[in-house]
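Numbering of ligands and ligand atoms starts at 1, following listing order. Because the structure is a prediction, the values reported are computed rather than measured.
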Amino acid sequence: MGFAGRDVLSILDFSREDLEELFSVADYMEKAVKEKRKLKLLEGYIVALAFLEPSTRTMYSFQSATHRLGGYALVFSSREATSLAKGENYADTIRMLDSYSDLIVIRSRYEGAAKYVADIAENPVINGGDGKHEHPTQTMIDLYTMKRLFGDIDGLTIGVLGDLKYARTIASLLYGLTRYKPKKVYLISPSILRIREEVRDTITRLGLPIEEVSSLRDIIGELDVLYVTRIQKERYPDPMEYERVKHAFKITPEVLKDARPELKILHPLPKIDEIDLRVDNLPYAAYFYQARLGVPLRMALLALVLGVWR
Ligand code: NCD
(Lines give C-alpha, C1' and ligand atoms only; values in the text may rest on other atoms or scores of the structure.)
Protein backbone atom coordinates (compact mmCIF):
# COMPACT_ATOMS: atom_id res chain seq x y z
CA MET A 1 0.00 0.00 0.00
CA GLY A 2 1.36 3.46 -0.89
CA PHE A 3 1.84 6.23 1.68
CA ALA A 4 -0.08 9.03 -0.05
CA GLY A 5 -2.99 10.31 2.01
CA ARG A 6 -2.46 7.75 4.77
CA ASP A 7 -2.69 8.39 8.51
CA VAL A 8 0.32 7.29 10.57
CA LEU A 9 -1.30 6.13 13.82
CA SER A 10 0.40 2.82 14.65
CA ILE A 11 3.60 1.27 13.36
CA LEU A 12 1.58 -1.94 12.95
CA ASP A 13 -0.17 -0.33 9.97
CA PHE A 14 3.11 -0.50 8.02
CA SER A 15 4.63 -3.48 6.25
CA ARG A 16 8.28 -4.22 5.83
CA GLU A 17 8.02 -3.05 2.19
CA ASP A 18 6.51 0.28 3.34
CA LEU A 19 9.36 0.76 5.80
CA GLU A 20 12.02 -0.10 3.23
CA GLU A 21 10.51 2.41 0.79
CA LEU A 22 10.52 5.06 3.52
CA PHE A 23 14.17 4.34 4.37
CA SER A 24 15.30 4.66 0.78
CA VAL A 25 13.59 8.07 0.49
CA ALA A 26 15.24 9.05 3.81
CA ASP A 27 18.64 8.18 2.28
CA TYR A 28 17.87 10.58 -0.58
CA MET A 29 16.78 13.33 1.83
CA GLU A 30 19.87 12.96 3.97
CA LYS A 31 22.12 13.28 0.95
CA ALA A 32 20.22 16.31 -0.36
CA VAL A 33 20.56 18.09 2.99
CA LYS A 34 24.26 17.22 3.20
CA GLU A 35 24.83 18.64 -0.28
CA LYS A 36 22.83 21.75 0.65
CA ARG A 37 20.40 21.22 -2.20
CA LYS A 38 17.26 23.30 -1.76
CA LEU A 39 14.28 20.98 -1.97
CA LYS A 40 10.91 22.46 -2.87
CA LEU A 41 8.71 19.38 -2.56
CA LEU A 42 6.49 20.98 0.08
CA GLU A 43 6.36 24.47 -1.40
CA GLY A 44 2.84 25.79 -0.81
CA TYR A 45 2.12 23.14 1.87
CA ILE A 46 1.34 23.84 5.51
CA VAL A 47 1.91 21.27 8.24
CA ALA A 48 0.19 21.77 11.63
CA LEU A 49 2.22 20.63 14.64
CA ALA A 50 -0.13 20.22 17.58
CA PHE A 51 2.03 19.33 20.57
CA LEU A 52 0.00 19.16 23.75
CA GLU A 53 2.82 17.43 25.66
CA PRO A 54 6.45 18.58 25.95
CA SER A 55 8.74 17.76 23.04
CA THR A 56 12.15 18.77 21.76
CA ARG A 57 13.15 16.27 19.07
CA THR A 58 9.81 15.26 17.64
CA MET A 59 8.41 18.77 17.32
CA TYR A 60 11.54 20.53 16.13
CA SER A 61 12.58 17.77 13.76
CA PHE A 62 9.12 17.80 12.13
CA GLN A 63 9.41 21.57 11.90
CA SER A 64 12.92 21.37 10.48
CA ALA A 65 11.85 18.62 8.04
CA THR A 66 8.92 20.76 6.80
CA HIS A 67 11.12 23.82 6.29
CA ARG A 68 13.88 21.79 4.63
CA LEU A 69 11.30 20.75 2.04
CA GLY A 70 10.18 24.33 1.43
CA GLY A 71 6.91 24.00 3.40
CA TYR A 72 5.60 25.98 6.37
CA ALA A 73 4.90 24.63 9.86
CA LEU A 74 2.12 26.05 12.02
CA VAL A 75 3.12 25.33 15.58
CA PHE A 76 0.51 24.92 18.25
CA SER A 77 2.38 23.96 21.35
CA SER A 78 0.19 24.52 24.34
CA ARG A 79 -3.41 24.29 25.23
CA GLU A 80 -3.14 27.60 27.09
CA ALA A 81 -2.20 29.50 23.93
CA THR A 82 -5.35 28.45 22.05
CA SER A 83 -9.10 28.73 22.43
CA LEU A 84 -9.06 25.34 24.21
CA ALA A 85 -8.20 27.46 27.23
CA LYS A 86 -11.47 29.38 26.69
CA GLY A 87 -13.37 26.11 26.78
CA GLU A 88 -13.56 25.35 23.05
CA ASN A 89 -14.11 21.64 22.54
CA TYR A 90 -11.35 19.53 20.98
CA ALA A 91 -13.37 18.58 17.93
CA ASP A 92 -13.88 22.22 16.92
CA THR A 93 -10.19 23.02 17.43
CA ILE A 94 -9.24 20.01 15.27
CA ARG A 95 -11.62 21.12 12.49
CA MET A 96 -9.88 24.50 12.43
CA LEU A 97 -6.39 23.01 12.33
CA ASP A 98 -7.51 20.70 9.57
CA SER A 99 -8.84 23.54 7.47
CA TYR A 100 -5.75 25.72 8.00
CA SER A 101 -3.21 23.04 7.00
CA ASP A 102 -2.54 20.00 4.78
CA LEU A 103 -1.45 17.55 7.48
CA ILE A 104 -1.59 17.42 11.29
CA VAL A 105 1.06 15.96 13.58
CA ILE A 106 -0.42 15.46 17.05
CA ARG A 107 1.17 14.63 20.40
CA SER A 108 -1.02 14.14 23.43
CA ARG A 109 -0.89 12.49 26.81
CA TYR A 110 -4.07 10.58 26.00
CA GLU A 111 -3.94 7.11 24.43
CA GLY A 112 -5.96 7.13 21.23
CA ALA A 113 -5.71 10.92 20.74
CA ALA A 114 -4.21 10.62 17.25
CA LYS A 115 -6.97 8.24 16.19
CA TYR A 116 -9.56 10.67 17.55
CA VAL A 117 -8.03 13.52 15.52
CA ALA A 118 -7.84 11.33 12.40
CA ASP A 119 -11.54 10.49 12.70
CA ILE A 120 -12.40 14.20 12.56
CA ALA A 121 -9.73 15.57 10.21
CA GLU A 122 -9.98 15.08 6.46
CA ASN A 123 -6.25 15.55 5.92
CA PRO A 124 -3.66 12.96 6.98
CA VAL A 125 -2.75 12.75 10.67
CA ILE A 126 0.57 11.61 12.10
CA ASN A 127 0.80 10.33 15.67
CA GLY A 128 3.68 12.14 17.40
CA GLY A 129 3.10 10.10 20.58
CA ASP A 130 -0.18 9.31 22.36
CA GLY A 131 0.20 8.67 26.08
CA LYS A 132 1.85 5.33 26.81
CA HIS A 133 0.36 3.83 23.66
CA GLU A 134 2.55 4.44 20.57
CA HIS A 135 5.13 6.65 18.90
CA PRO A 136 5.35 5.25 15.37
CA THR A 137 7.64 7.87 13.82
CA GLN A 138 10.22 7.33 16.58
CA THR A 139 10.21 3.64 15.69
CA MET A 140 10.74 4.49 12.03
CA ILE A 141 13.84 6.42 13.13
CA ASP A 142 14.98 3.60 15.42
CA LEU A 143 14.69 0.94 12.71
CA TYR A 144 16.30 3.24 10.15
CA THR A 145 19.21 3.84 12.55
CA MET A 146 19.72 0.07 13.01
CA LYS A 147 19.69 -0.39 9.25
CA ARG A 148 22.21 2.36 8.76
CA LEU A 149 24.49 1.02 11.50
CA PHE A 150 24.31 -2.68 10.71
CA GLY A 151 23.07 -2.87 7.10
CA ASP A 152 20.19 -5.12 8.16
CA ILE A 153 17.89 -5.66 11.13
CA ASP A 154 17.44 -9.38 10.46
CA GLY A 155 19.77 -11.45 12.61
CA LEU A 156 20.46 -8.77 15.24
CA THR A 157 20.37 -9.48 18.95
CA ILE A 158 18.61 -6.53 20.58
CA GLY A 159 18.16 -5.70 24.25
CA VAL A 160 15.53 -3.19 25.35
CA LEU A 161 16.05 -1.79 28.79
CA GLY A 162 14.09 0.64 30.90
CA ASP A 163 10.51 1.56 31.48
CA LEU A 164 8.99 -1.18 29.37
CA LYS A 165 5.66 -0.63 31.07
CA TYR A 166 5.01 3.02 30.21
CA ALA A 167 7.39 3.98 27.38
CA ARG A 168 5.42 4.29 24.14
CA THR A 169 8.71 4.17 22.24
CA ILE A 170 9.21 0.61 23.52
CA ALA A 171 5.73 -0.59 22.56
CA SER A 172 6.09 0.83 19.05
CA LEU A 173 9.65 -0.46 18.66
CA LEU A 174 8.62 -4.01 19.60
CA TYR A 175 5.69 -3.84 17.17
CA GLY A 176 8.00 -2.49 14.46
CA LEU A 177 10.55 -5.26 15.03
CA THR A 178 7.87 -7.83 14.17
CA ARG A 179 8.27 -6.65 10.56
CA TYR A 180 11.87 -7.99 10.64
CA LYS A 181 13.60 -11.13 11.79
CA PRO A 182 15.91 -10.24 14.68
CA LYS A 183 17.70 -13.24 16.15
CA LYS A 184 16.53 -12.39 19.65
CA VAL A 185 14.94 -9.53 21.57
CA TYR A 186 15.72 -9.39 25.29
CA LEU A 187 13.29 -7.40 27.42
CA ILE A 188 15.37 -6.25 30.37
CA SER A 189 13.63 -4.75 33.38
CA PRO A 190 12.86 -5.21 37.04
CA SER A 191 9.60 -7.13 37.39
CA ILE A 192 7.53 -4.02 38.15
CA LEU A 193 8.51 -2.39 34.85
CA ARG A 194 7.70 -5.32 32.56
CA ILE A 195 5.83 -4.75 29.28
CA ARG A 196 2.07 -4.59 29.49
CA GLU A 197 0.01 -7.65 28.73
CA GLU A 198 -1.47 -6.29 25.51
CA VAL A 199 1.99 -5.54 24.10
CA ARG A 200 3.31 -8.98 25.08
CA ASP A 201 0.28 -10.69 23.52
CA THR A 202 0.67 -8.82 20.22
CA ILE A 203 4.39 -9.41 19.76
CA THR A 204 4.11 -13.05 20.82
CA ARG A 205 1.28 -13.61 18.38
CA LEU A 206 3.38 -11.98 15.64
CA GLY A 207 6.28 -14.34 16.44
CA LEU A 208 8.88 -11.91 17.82
CA PRO A 209 11.54 -14.04 19.57
CA ILE A 210 11.46 -12.36 22.99
CA GLU A 211 12.94 -13.35 26.34
CA GLU A 212 12.26 -11.42 29.54
CA VAL A 213 15.29 -11.05 31.82
CA SER A 214 15.92 -8.96 34.90
CA SER A 215 19.67 -8.39 34.62
CA LEU A 216 21.62 -6.73 31.84
CA ARG A 217 24.91 -8.18 33.07
CA ASP A 218 23.96 -11.74 32.11
CA ILE A 219 23.31 -10.92 28.45
CA ILE A 220 25.29 -7.76 27.67
CA GLY A 221 27.95 -9.81 25.85
CA GLU A 222 25.37 -11.07 23.32
CA LEU A 223 23.94 -7.73 22.23
CA ASP A 224 24.35 -5.86 18.95
CA VAL A 225 21.91 -3.15 20.05
CA LEU A 226 20.97 -1.93 23.51
CA TYR A 227 17.89 0.33 23.40
CA VAL A 228 17.41 2.33 26.59
CA THR A 229 14.55 4.56 27.76
CA ARG A 230 14.10 6.84 30.73
CA ILE A 231 11.57 6.10 33.45
CA GLN A 232 8.40 7.85 32.24
CA LYS A 233 7.79 9.87 35.40
CA GLU A 234 4.72 11.70 34.08
CA ARG A 235 2.85 8.44 33.44
CA TYR A 236 3.00 7.12 37.01
CA PRO A 237 -0.44 7.35 38.59
CA ASP A 238 1.17 6.96 42.02
CA PRO A 239 4.28 9.09 42.83
CA MET A 240 5.38 6.38 45.32
CA GLU A 241 5.55 3.84 42.51
CA TYR A 242 7.86 6.21 40.62
CA GLU A 243 10.04 6.72 43.72
CA ARG A 244 10.54 2.96 43.96
CA VAL A 245 11.77 2.56 40.39
CA LYS A 246 13.52 5.81 39.58
CA HIS A 247 17.03 4.46 40.10
CA ALA A 248 16.32 0.95 38.83
CA PHE A 249 19.14 0.91 36.24
CA LYS A 250 22.08 2.93 35.00
CA ILE A 251 24.43 2.35 32.07
CA THR A 252 28.02 3.07 33.09
CA PRO A 253 31.35 2.23 31.42
CA GLU A 254 31.69 -0.55 34.05
CA VAL A 255 28.37 -2.14 33.06
CA LEU A 256 29.63 -2.17 29.46
CA LYS A 257 32.93 -3.91 30.17
CA ASP A 258 31.71 -7.24 28.77
CA ALA A 259 30.00 -5.69 25.75
CA ARG A 260 30.90 -6.69 22.20
CA PRO A 261 32.97 -4.02 20.41
CA GLU A 262 30.16 -3.71 17.81
CA LEU A 263 27.49 -2.87 20.40
CA LYS A 264 25.50 0.30 19.71
CA ILE A 265 23.38 2.00 22.35
CA LEU A 266 20.21 3.70 21.13
CA HIS A 267 17.88 5.93 23.14
CA PRO A 268 14.89 7.96 21.88
CA LEU A 269 16.00 10.79 24.22
CA PRO A 270 15.56 12.72 26.45
CA LYS A 271 17.89 10.82 28.77
CA ILE A 272 17.84 11.85 32.39
CA ASP A 273 20.33 9.87 34.47
CA GLU A 274 19.96 6.33 33.13
CA ILE A 275 23.09 6.71 31.01
CA ASP A 276 26.28 7.91 32.71
CA LEU A 277 27.62 10.98 30.86
CA ARG A 278 30.96 9.19 30.36
CA VAL A 279 29.16 6.75 28.03
CA ASP A 280 28.41 9.63 25.59
CA ASN A 281 32.05 9.60 24.54
CA LEU A 282 32.35 5.84 24.01
CA PRO A 283 32.03 4.35 20.50
CA TYR A 284 28.94 2.47 21.74
CA ALA A 285 26.86 5.66 21.98
CA ALA A 286 24.72 6.02 18.85
CA TYR A 287 21.83 8.07 20.26
CA PHE A 288 22.92 11.45 18.94
CA TYR A 289 23.37 9.94 15.48
CA GLN A 290 19.89 8.39 15.86
CA ALA A 291 18.38 11.79 16.78
CA ARG A 292 20.06 13.39 13.76
CA LEU A 293 18.44 10.86 11.42
CA GLY A 294 15.05 12.11 12.66
CA VAL A 295 15.09 15.00 10.19
CA PRO A 296 15.70 13.08 6.92
CA LEU A 297 13.36 10.32 8.06
CA ARG A 298 10.56 12.79 8.81
CA MET A 299 11.25 14.63 5.54
CA ALA A 300 10.74 11.33 3.73
CA LEU A 301 7.54 10.58 5.65
CA LEU A 302 6.01 14.03 5.00
CA ALA A 303 6.85 13.88 1.28
CA LEU A 304 5.37 10.39 0.95
CA VAL A 305 2.21 11.02 2.96
CA LEU A 306 1.54 14.32 1.19
CA GLY A 307 1.93 12.51 -2.11
CA VAL A 308 4.63 14.79 -3.49
CA TRP A 309 7.34 12.12 -3.76
CA ARG A 310 7.41 10.48 -7.18
C1 NCD B 1 10.05 10.03 23.59
C2 NCD B 1 8.58 10.23 23.80
O3 NCD B 1 8.09 11.36 23.75
O4 NCD B 1 7.92 9.23 23.96
N5 NCD B 1 10.70 11.18 23.15
C6 NCD B 1 10.89 11.32 21.80
O7 NCD B 1 9.96 11.60 21.08
N8 NCD B 1 12.11 11.10 21.30
C9 NCD B 1 10.75 9.37 24.70
C10 NCD B 1 10.58 9.88 26.10
O11 NCD B 1 9.93 10.90 26.34
O12 NCD B 1 11.12 9.21 26.97
Side-chain angles (χ1 to χ4, degrees), residues 8-12 26 47 49-66 73 75-78 104-115 117 125-146 160-177 187-189 193 195-196 199 225-236 242 245-251 264-275 280 285-299 301-302:
V8 180
L9 304 181
S10 165
I11 195 75
L12 286 167
V47 171
L49 303 178
F51 279 68
L52 303 173
E53 250 198 341
S55 176
T56 303
R57 274 143 294 267
T58 307
M59 189 172 86
Y60 292 109
S61 66
F62 264 117
Q63 193 170 6
S64 169
T66 305
V75 180
F76 164 105
S77 64
S78 84
I104 300 173
V105 184
I106 167 87
R107 164 169 292 192
S108 164
R109 67 171 189 273
Y110 300 112
E111 288 82 41
K115 167 85 170 71
V117 174
V125 172
I126 297 179
N127 182 1
D130 61 330
K132 61 182 181 307
H133 180 232
E134 273 216 59
H135 193 347
T137 68
Q138 180 63 48
T139 299
M140 290 167 174
I141 297 165
D142 302 341
L143 297 173
Y144 182 49
T145 307
M146 290 184 207
V160 294
L161 169 75
D163 193 340
L164 309 191
K165 185 170 174 187
Y166 290 123
R168 56 196 173 199
T169 51
I170 296 283
S172 283
L173 176 63
L174 294 172
Y175 295 154
L177 283 171
L187 308 178
I188 313 151
S189 75
L193 291 180
I195 49 166
R196 298 188 306 278
V199 180
V225 174
L226 175 60
Y227 190 98
V228 186
T229 64
R230 71 182 170 96
I231 303 282
Q232 310 283 302
K233 182 177 182 184
E234 67 279 28
R235 312 232 185 271
Y236 282 76
Y242 170 73
V245 297
K246 69 178 182 190
H247 297 304
F249 55 91
K250 183 162 189 140
I251 308 298
K264 293 293 176 207
I265 302 173
L266 301 187
H267 191 305
L269 303 178
K271 55 187 175 64
I272 313 304
D273 57 5
E274 61 279 8
I275 299 185
D280 291 356
Y287 30 85
F288 299 126
Y289 173 68
Q290 175 189 10
R292 233 181 13 248
L293 292 178
V295 174
L297 187 289
R298 289 183 168 122
M299 289 170 76
L301 185 63
L302 290 172

Visitor: So T229 and P268, do their side chains get closer than 4.5 Å, heavy atoms only?
Guide: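 Yes. Closest side-chain heavy atoms under 4.5 Å.
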Visitor: Scan residues 130-142 for pairs that pass salt bridge (charged side-chain N to carboxylate O under 4.0 Å, His left out), counting only residues two or more places apart or in two chains.
Guide: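 Pairs touching residues 130-142 that pass the test: E111-K132.
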Visitor: I'd like to know if R235 and E53 make a salt bridge, using a cut-off of under 4.0 Å between side-chain N and carboxylate O.
Guide: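 Salt bridge flag = yes for E53 with R235.
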Visitor: Of all residues at least two apart in sequence or in a different chain, which pass the salt bridge (charged side-chain N to carboxylate O under 4.0 Å, His left out) check with R196?
Guide: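 R196: salt bridge (charged side-chain N to carboxylate O under 4.0 Å, His left out) contacts with E198.
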Visitor: Can you name the residues that come within less than 4.0 Å of ligand 1, going by heavy atoms only?
Guide: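 Heavy-atom contacts below 4.0 Å: T58, R107, H135, Q138, R168, T169, R230, Q232, P268, L269, P270.
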Visitor: Can you sort out the partners of R109 under salt bridge (charged side-chain N to carboxylate O under 4.0 Å, His left out), two or more places apart, ordered by chain and number?
Guide: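 With neighbours one apart ignored, the set is empty.
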Visitor: So, H135 and R107: side-chain donor and acceptor under 3.5 Å apart, yes or no?
Guide: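 Yes, because at least one side-chain N or O of H135 sits under 3.5 Å from a partner of the opposite role on R107.
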